[in-house]
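Working notes, beginning with the structure itself.
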Amino acid sequence: LVSQGTEGRLSTLRHTCERWKGNISLAVYTNKTEEAIIEYLVHDMECDKEQLTVTCVPPFEELRGKGFPYNYLRRVALDAAVTSHIVYLDMDFVPSSDLEQSLNSPAVLKEFTQDNKLA
């Protein structure tokens with residue numbers, strides 16, 4: 001699972017961590033360190049440290065007044081993903097309780113292996 005957002009949106013990950021047991025790659029727009037964000041996610045949001053890859057991106061001058069850097073953060077999170085296939089989910093959204101199970105079903109896995117455009 002790949003996602004991006006601000007430090008203020010991290011609280012929405014509690015439900016994601018409850019439902020998604022695979023790897024989670026996050027790009028977080030913050031001045032905090034990766035260690036601080038991981039500690040918050042593990043202790044306050046009850047995420048499993050082993051499933052988390054966190055990359056912190058500090059606000060940078062070039063973007064002042066140009067809006068939020070969605071595309072840049074998305075690329076950072078994608079580059080840090082440690083799986084061959086990803087599910088991109090906005091940090092504000094929560095995956096359905098059976099999403100991971102559905103994606104790992106034999107029928108879906110067969111489709112993924114037969115059509116590289118699906119992956």
Side-chain angles (χ1 to χ4, degrees):
L1 189 126
V2 172
S3 192
Q4 52 78 25
T6 63
E7 179 185 346
R9 298 281 192 211
L10 291 173
S11 63
T12 63
L13 292 173
R14 175 185 302 274
H15 298 297
T16 298
C17 288
E18 287 174 357
R19 294 175 176 204
W20 187 266
K21 298 307 175 193
N23 295 317
I24 300 174
S25 176
L26 301 172
V28 184
Y29 198 52
T30 181
N31 283 318
K32 290 191 175 177
T33 65
E34 282 86 1
E35 293 80 15
I37 298 298
I38 289 171
E39 182 176 331
Y40 170 76
L41 291 171
V42 170
H43 295 291
D44 294 10
M45 296 298 106
E46 301 177 7
C47 295
D48 179 358
K49 184 177 181 177
E50 298 304 312
Q51 78 185 123
L52 298 172
T53 301
V54 175
T55 306
C56 291
V57 177
F60 41 97
E61 191 62 36
E62 301 86 55
L63 291 176
R64 293 206 189 274
K66 294 184 180 178
F68 189 77
Y70 294 102
N71 290 333
Y72 180 77
L73 290 171
R74 189 176 300 117
R75 283 191 305 273
V76 168
L78 281 168
D79 288 345
V82 295
T83 60
S84 60
H85 295 77
I86 63 102
V87 172
Y88 180 80
L89 189 67
D90 233 23
M91 198 177 284
D92 292 335
F93 297 156
V94 176
S96 63
S97 59
D98 65 343
L99 177 62
E100 190 172 13
Q101 180 182 349
S102 295
L103 290 173
N104 284 308
S105 72
V108 172
L109 291 175
K110 181 179 178 184
E111 289 295 320
F112 282 161
T113 60
Q114 291 178 347
D115 186 347
N116 64 1
K117 292 180 182 179
L118 291 177

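Side chains are part of it too, since the values below use all heavy atoms of this structure and drop only hydrogens, waters and symmetry mates.
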First locate atom [atom1] of [X], then atom [atom2] of [Y], and finally report the distance between them rounded to the nearest 0.5 Å.
X	Y	atom1	atom2	answer
L26	L13	CG	CG	5.5 Å
L109	H85	CG	NE2	9.0 Å
E46	H15	CD	NE2	10.5 Å

Is the number of heavy atoms from other residues, nucleotides or ligands under 6.0 Å of [X] [atom1] greater than 12?
X	atom1	value
R9	CZ	no
E18	CD	yes
K21	NZ	yes

Closest heavy-atom contact between [X] and [Y]?
X	Y	value
N71	R74	OD1-NH1, 2.7 Å
S3	D90	OG-C, 3.5 Å
L73	Y29	CD1-CB, 3.8 Å
P59	N31	CD-OD1, 3.3 Å
S105	S102	OG-O, 3.0 Å
C56	I37	SG-CG1, 3.6 Å

Is any side-chain heavy atom of [Y] closer than 4.5 Å to one of [X]?
X	Y	value
E7	L10	yes
I24	C17	yes
C47	W20	no
T16	P95	yes
T6	T30	no

| field | Path from L78 to L1 over hydrophobic side-chain contacts below 4.5 Å | value |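 The answer is no; the residues belong to distinct hydrophobic clusters.
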| query | Same cluster or not: are M91 and V2 linked, directly or through other Ile, Leu, Val, Met, Phe, Trp or Tyr residues, by side-chain heavy atoms under 4.5 angstrom apart? | reply | no
Under 3.5 Å donor-acceptor, [X] side chain and [Y] backbone:
X	Y	value
T83	I86	no
D48	E50	yes
T53	A81	no
E100	G22	yes

| said: Assess the residue pair E111 and V108 against the criterion (side-chain contact (heavy atoms from CB on, under 4.5 Å)); give the C-alpha distance rounded to whole Å, side-chain angles, the decisive distance to 0.1 Å, and a yes or no. | reply: CA-CA 5 Å; E111 289 295 320; V108 172; 5.6 Å; no
| Does the side-chain contact (heavy atoms from CB on, under 4.5 Å) test come out yes or no for R19 and V94, once each step is laid out? | CA-CA 8 Å; R19 294 175 176 204; V94 176; 3.8 Å; yes
| query | Is it the case that Y88 and Q4 place a side-chain donor and acceptor less than 3.5 Å from each other? | reply |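 Looking only at side-chain atoms, Q4 and Y88 do form a donor-acceptor pair, the distance falling under 3.5 Å.
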